[in-house]
Amino acid sequence: MKPLIGITANYLPSNDMTRTGGGSLALNWNYAQSIADAGGIPLIIPPQADPAEIAELIDGLLIPGGDDIDASNWGEENHPKASNVASERFNGEKALFNAIDNDLPVFGICYGCQFMNVMEGGTINQHIPDDPAKDKHTGGMLQEYELEPGSKLLDTLGQSAVKGESWHHQAIGKVASGLRVVAVSEDNTIEAVEAEDRPWMIGVQWHPERSLDHEGNKKLFAEFVAAAARYKAVKTLTTAGK
C-alpha cells in the first residue's frame, strides 16, 4: 500500500461564528496534488484531530505554508507587520509534532520550515524587509539556492543547486540546536534546514509545490514520499512481529 502522508490544514476563523459554524479549514491544492503525484496518499489533518491517533496512523508529515507564528513562542513581541496563523492551527501542529516518532519523515515548507525551527528551540526573523538589502523574497520571486556539500538535502536531490519561488516576509533567525543550515539565498537568508538527529526531517523556505517546473522540486516530493514508504515498511514489520 502507498504511504499515508498527513498534511496539516490551515484554520480560518469566521467573522460571524454563529452563522458559519466556526470558520473553515483550508489547504492549497498543490500540496495534496504533489504528494499524490509522488506516490503518496494525502490526508488532510484538522487541528481538532487527536495527535496520538494521527501519529500512529501516518507514515509522513507535511507542514505546509501559512501566515506567521506568534512570537510569544520564542519570547518576543510580535512585529507590527506580523499576521499570525490562528492559535488553533499552531497548537494542533505542536501537539502532533510532539506526538510523532522521531523516525517519522517530516517535510516543512515556508511556514512549516519556520515551525520546525521554533519547535526545536530556534527563533524567527519577523520581517526580513527591515533590512533594505533583503527585499527579494515575496511575490513569487524565483531564486536559486546552492546546497551545502554533505547535506541530506543535496544527497536527496542529487544536485548542487535548486530553484524555487519565494513567498515570505519572515525567515529563520537563530537556528535551533539539532538543525543544520543547508541552503541560503544570495543575501544570506536561511532557505533550508535539516535535522541532524532524525533520519528525514527537511525544511525549505521556498515553495516547491509552486515550482515544479524547476529541476529538483518534484524529486524533493518523490524522496519525501519514498522515505515515508520506507518508514511504513519498517512499521509494518515491527507491528507484525509483535
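Residue numbers count from 1 along this sequence.
- Under the 4.5 Å side-chain heavy-atom criterion for ILVMFWY residues, no single connected hydrophobic cluster contains both L104 and I7.
- By the side-chain contact (heavy atoms from CB on, under 4.5 Å) test, L147 is found to be paired with L153, L154, L157, V162, A183, residues two or more places apart in sequence or in another chain being considered.
- Annotation: side chain of K152 is not in contact with side chain of R180 (no heavy-atom distance under 4.5 Å).
- Summarising the local packing, CD of E144 is surrounded by more than 12 heavy atoms from other residues, nucleotides or ligands at distances under 6.0 Å.
- Using a 30° and 60° split on the angle between ring planes, F107 and F221 fall in the perpendicular class, above 60°.
- Looking only at atom types and distance, the side chain of Q143 has no donor-acceptor partner in the side chain of S185 under 3.5 Å away.
- When the shell of 6.0 Å around CD of E196 is examined, it contains more than 12 heavy atoms from other residues, nucleotides or ligands.
- Partners of S83 according to the side-chain contact (heavy atoms from CB on, under 4.5 Å) rule, which considers only residues two or more places apart in sequence or in another chain, are D67, D68.
- L4 and I45 fall within the same hydrophobic cluster, defined by Ile, Leu, Val, Met, Phe, Trp and Tyr side-chain heavy atoms under 4.5 Å apart, directly or through other members.
- Open room surrounds CD1 on I44; 12 or fewer heavy atoms of other groups in view lie less than 6.0 Å from it.
- Checked against side-chain contact (heavy atoms from CB on, under 4.5 Å), A71 has the following partners two or more places apart in sequence or in another chain: W74, E76, N78, Q126.
- Side-chain contact between P105 and M201 is absent, with no heavy-atom pair separated by less than 4.5 Å.
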> D130 and H79: side-chain contact (heavy atoms from CB on, under 4.5 Å), yes or no, with the steps?
Replying inline: CA-CA 10 Å; D130 283 342; H79 191 282; 2.8 Å; yes
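- Residues L25 and I63 do not share a hydrophobic cluster, clusters being chains of Ile/Leu/Val/Met/Phe/Trp/Tyr side chains in contact below 4.5 Å.
- Residues E194 and I202 meet the side-chain proximity criterion, which asks for heavy atoms closer than 4.5 Å.
- A parallel orientation is assigned to the rings of W206 and Y145, their planes being inclined by less than 30° (bins at 30° and 60°).
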> Can H207 and C110 be said to form a side-chain contact (heavy atoms from CB on, under 4.5 Å), step by step?
Replying inline: CA-CA 7 Å; H207 280 266; C110 197; 3.4 Å; yes
>> Determine whether T189 and H168 satisfy the following criterion, side-chain contact (heavy atoms from CB on, under 4.5 Å), listing intermediate values before the conclusion.
In response: CA-CA 11 Å; T189 297; H168 61 101; 4.2 Å; yes
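- When every heavy atom of T156 is checked against every heavy atom of W200, the shortest pair comes out as OG1-NE1, 3.9 Å.
- Across N30 and E209, no two heavy atoms sit closer than the pair ND2-O, 3.4 Å.
- Counting heavy atoms from C-beta outward, V193 and N117 have side chains that stay 4.5 Å or more apart.
- L61 and V118 fall within a single hydrophobic cluster, where Ile, Leu, Val, Met, Phe, Trp and Tyr are joined by side-chain heavy atoms under 4.5 Å apart, directly or via other members.
- Under the 4.5 Å side-chain heavy-atom criterion for grouping Ile, Leu, Val, Met, Phe, Trp and Tyr, I100 is not connected to L62 through any hydrophobic cluster.
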> Could you go step by step and tell me if V225 and K2 meet the side-chain contact (heavy atoms from CB on, under 4.5 Å) rule?
Replying inline: CA-CA 9 Å; V225 171; K2 296 178 178 180; over 6 Å; no
